[in-house]
Visitor: 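What follows is a structure written as structure tokens; I'll ask about it next.
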Protein chains: 2
Amino acid sequence: MTEPERHGRERRERWGFELPLLLFAGFRSLIDQLHAELADHGHPDLRPAYGFAMQAIGRDGVTASELGRRLGVSKQAAGKTVDRLAALGYAERVADPADARRKLVRLTPRGQDALVLSGAVFEELRGQWGDQLGQERLTELEDALETVVGPAAFRLDAAGWFAD
Amino acid sequence: MTEPERHGRERRERWGFELPLLLFAGFRSLIDQLHAELADHGHPDLRPAYGFAMQAIGRDGVTASELGRRLGVSKQAAGKTVDRLAALGYAERVADPADARRKLVRLTPRGQDALVLSGAVFEELRGQWGDQLGQERLTELEDALETVVGPAAFRLDAAGWFAD
DNA sequence: TCTTTTCGACAACCACGTTGACTACTCTAG
DNA sequence: CTAGAGTAGTCAACGTGGTTGTCGAAAAGA
């Protein structure tokens with residue numbers, strides 16, 4: 001069995017507590033680099049939690065209640081998030097002509113721009129990981145993670161897990 | 001090249017944005033299971049951030065200022081964290097006889113117990129990942145992560161990245 | 001000794017979540 | 001058609017976890 005990356009030295013025994021730390025460090029590294037890049041491209045006020053919220057709003061817009069459901073928080077919390085997004089110019093509320101109770105939350109062009117830019121940065125960062133690890137090892141990392149976390153990976157209800 | 005886990009089907013192309021989601025989902029899965037386990041063993045009020053704080057306090061205790069430095073937050077924020085930990089019975093403040101300004105923050109026996117228990121749970125959870133992935137793939141996952149994040153993995157300054 | 005640094009605490013504030021209560025509106029059953 | 005139930009959005013109060021600024025007391029260095 002050929003394992004070129006091993007360099008012949010014995011691998012240290014791992015502790016259980018290292019695993020969450022490694023996963024978190026990887027996650028944080030990506031998110032930190034993303035936001036450094038966003039800040040350099042006209043979005044210095046974007047915080048990690050806003051990215052999740054904007055992703056949950058999507059191209060079509062949502063109501064605050066639905067946004068709360070998607071993010072796993074109360075409708076009041078979702079409403080406050082929309083307030084902050086709106087104050088920064090990333091989202092706006094428009095009245096729903098078909099239902100006078102509802103107000104559709106939509107991304108502004110600036111919000112769309114941030115989302116598109118984030119996608120591009122993530123591609124770039126994944127490319128860097130691929131350069132460091134090799135495409136094969138990167139793909140195996142992703143597959144291994146998908147195996148253990150299952151479909152739960154792509155939920156957006158990460159609110160509260162963020163700061164700056 | 002033998003790749004037994006491929007099962008012959010073509011692997012879907014991955015998007016860059018999936019990588020942070022997978023890492024985060026893995027991290028959250030471990031932390032959620034840890035806290036479910038802790039809650040079942042007499043520690044229902046322990047929150048993820050408290051684990052980091054207790055880890056930073058360690059066996060020897062620290063001052064609030066030093067705790068702030070280790071966690072990457074202000075000494076005032078660290079002091080508040082100690083207040084909450086103390087209110088739950090996980091930490092206590094003792095005057096330092098050698099320096100009347102300082103108050104040593106120490107873990108109570110209950111705090112030590114929670115730390116020991118957490119370590120055991122993490123070993124158990126890592127074992128479960130090993131069962132699912134195979135020891136080899138798990139080790140490769142850990143090594144790959146360490147490669148990309150470097151020594152930054154084991155910093156404790158994750159405060160603010162948590163909620164319940 | 002005098003000045004600087006450090007420690008812990010207090011206050012005010014912000015971000016981000018929670019519940020509960022309330023109004024306005026829509027929908028459905030009788 | 002109308003009464004009642006359910007839903008949308010907002011307001012208020014509060015909890016947690018951060019921030020900065022200020023302060024007095026104690027330690028440490030010139």
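Every chain is numbered from 1, with letters handed out A, B, ... down the list of sequences. For the numbers below, each heavy atom of this structure counts, side chains included, while hydrogens, waters and symmetry mates do not.
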Visitor: In residues 78-89 of chain B, what residues come within less than 4.0 Å of DNA chain C, judged by heavy atoms?
Guide: B:K80

Visitor: Closer than 3.5 angstrom, by distance alone: can the side chain of A:S29 be matched with the main-chain N or O of B:V149 as a donor-acceptor pair?
Guide: no

Visitor: Tell me whether the OP1 or OP2 atom of C:dA9 has a side-chain N or O from B:R93 closer than 4.0 Å.
Guide: yes

Visitor: On the 0 to 90° scale, with breaks at 30° and 60°, tag the B:F17-B:W15 ring pair as parallel, tilted or perpendicular.
Guide: parallel

Visitor: Can you tell me how the ring of A:F52 sits relative to the ring of B:F24, calling it parallel under 30°, perpendicular over 60° and tilted otherwise?
Guide: perpendicular

Visitor: Taking the hydrophobic residues Ile, Leu, Val, Met, Phe, Trp and Tyr, and joining any pair whose side-chain heavy atoms are under 4.5 Å apart, which ones share a cluster with A:L104?
Guide: A:V94

Visitor: Whole-Å distance between C:dT6 C1' and B:L104 CG?
Guide: 15 Å

Visitor: Check this one for me: any side-chain N or O of A:Y50 less than 4.0 Å away from OP1 or OP2 of C:dA15?
Guide: no

Visitor: Please determine if a side-chain N or O atom of A:S74 lies less than 4.0 Å away from the OP1 or OP2 oxygen of C:dT19.
Guide: no

Visitor: Atom CZ of A:R47 to atom C1' of C:dC14: distance rounded to whole Å?
Guide: 10 Å

Visitor: Take a 6.0 Å sphere around CZ of A:R93 and say whether it holds more than 12 heavy atoms from other residues, nucleotides or ligands.
Guide: yes

Visitor: For nucleotides 22-30 of chain D, read 5' to 3', which letter fits each nucleotide if B means a protein heavy atom sits under 4.0 Å from the base, S means only the sugar-phosphate is that close, and - means neither?
Guide: ----BS---

Visitor: Using a cut-off of strictly less than 4.0 Å, decide whether B:R69 has a side-chain nitrogen or oxygen near OP1 or OP2 of C:dC7.
Guide: yes

Visitor: Does A:E37 offer a backbone N or O that forms a donor-acceptor pair with the side chain of A:H41 under 3.5 Å?
Guide: yes

Visitor: Starting at CZ of B:F52 and ending at C1' of D:dT16, how long is that distance when rounded to a whole Å?
Guide: 17 Å

Visitor: So which nucleotide from D:dT16, C:dC7, C:dG17 ends up closest to the side chain of B:S65?
Guide: C:dC7

Visitor: Counting any heavy atom closer than 4.0 Å, what does A:A64 reach on the DNA or RNA strands: base, sugar-phosphate only, or nothing?
Guide: sugar-phosphate

Visitor: Verify, without hydrogens or angle tests, whether A:E123 (side chain) and B:G16 (backbone) share a donor-acceptor contact under 3.5 angstrom.
Guide: yes

Visitor: What is the distance from atom CG of B:L138 to atom CG of A:L19, rounded to the nearest 0.5 Å?
Guide: 6.0 Å

Visitor: What I want to find out is whether A:R126 reaches A:E142 closely enough, with some N-O distance under 4.0 Å, to be called a salt bridge.
Guide: yes

Visitor: Roughly how many Å is it from CZ in B:R102 to P in C:dT5, rounded to a whole number?
Guide: 18 Å

